[in-house]
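Notes to accompany the following structure.
These figures come from a predicted structure and were not determined experimentally.
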Amino acid sequence: MTKFIYQVKKKKRWSWVMHKLFQSIDTKEKAEAACDDGSLVKTLLLPEELGGKDIPPNVVYIPLFAEALKKRSVDALIAAIEKGMAQVSIIPDYKDNSFVPFRIVTTASYPDRSTGGYHHELNIW
């Protein structure tokens with residue numbers, strides 16, 4: 001039980017530290033500096049494989065661990081599109097003035113059905 005309580009406290013402390021760190025990255029310049037030092041990576045919301053361009057509305061800055069998770073999400077999204085899903089939506093959610101999204105929500109649905117579809121939430125911080 002003591003080990004579990006320690007792990008929970010440790011996780012809460014890590015979450016608080018990440019919140020403060022990402023909250024402090026509140027300009028594009030700070031985000032790019034964090035990319036330069038390896039804290040963040042620049043990635044595209046809609047990936048190039050699906051026609052995404054490197055333009056400001058399609059760019060997000062995320063931590064390295066989230067990049068691998070986003071890649072898996074993109075692979076699943078591509079598989080969903082290959083099954084006939086369309087109407088793709090990829091929305092970053094931000095807290096305060098941070099340039100690092102706390103979550104990226106990806107959805108895709110069938111154009112001719114109201115049920116079924118793909119939904120993924122990548123929680124970053």
Using side-chain hydrogen bond (donor to acceptor under 3.5 Å, both in side chains), reason through Glu67 and Thr43 one step at a time and then give a plain yes or no. CA-CA 8 Å; Glu67 183 183 39; Thr43 191; 5.0 Å; no

Would Ser98 and Tyr61 satisfy side chain to side chain contact (heavy atoms under 4.5 Å, CB included), going step by step from the backbone distance to the final call? CA-CA 10 Å; Ser98 179; Tyr61 300 91; over 6 Å; no

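Rounded to the nearest 0.5 Å, atoms CG (Asn58) and CD (Glu48) are 9.5 Å apart. Atoms CD and CG, on Glu32 and Asp36 in that order, are 7.5 Å from each other to the nearest 0.5 Å. The distance from atom CG of Asn97 to atom CD of Gln23, rounded to the nearest 0.5 Å, is 8.5 Å. We find the CD1-CD distance between Ile78 and Glu49 to be 4.5 Å, quoted to the nearest 0.5 Å. Atom CG of residue Asp54 and atom NZ of residue Lys42 lie 4.0 Å apart, to the nearest 0.5 angstrom. To the nearest 0.5 Å, atoms CG (Leu46) and CD1 (Ile55) are separated by 9.5 Å.
Here Phe22 pairs with Trp125 under the ring-ring contact (aromatic ring centres under 6.0 Å, His included) rule; sequence neighbours left out.
Phe99 and Val105 are members of different hydrophobic clusters when ILVMFWY side chains are connected at heavy-atom separations under 4.5 Å. Note on Leu64 and Val59: same hydrophobic cluster, where clusters join Ile, Leu, Val, Met, Phe, Trp and Tyr whose side-chain heavy atoms are under 4.5 Å apart, directly or indirectly.
Contact of the Leu77 side chain with the His120 side chain is not registered, since no non-hydrogen atoms from C-beta on lie closer than 4.5 Å. Using a 4.5 Å cut-off on side-chain heavy atoms (C-beta onward), Ser73 and Leu122 make no contact. The closest side-chain heavy-atom distance from Leu40 to Ile25 is below 4.5 Å.
Pairs engaging residues 83-105 under the salt bridge (charged side-chain N to carboxylate O under 4.0 Å, His left out) rule: Asp93-Arg103, Arg103-Glu121 [sequence neighbours left out].
Although no hydrogens or angles enter the test, the distance criterion places no donor-acceptor pair under 3.5 Å between the side chain of Lys53 and the main chain of Leu44.
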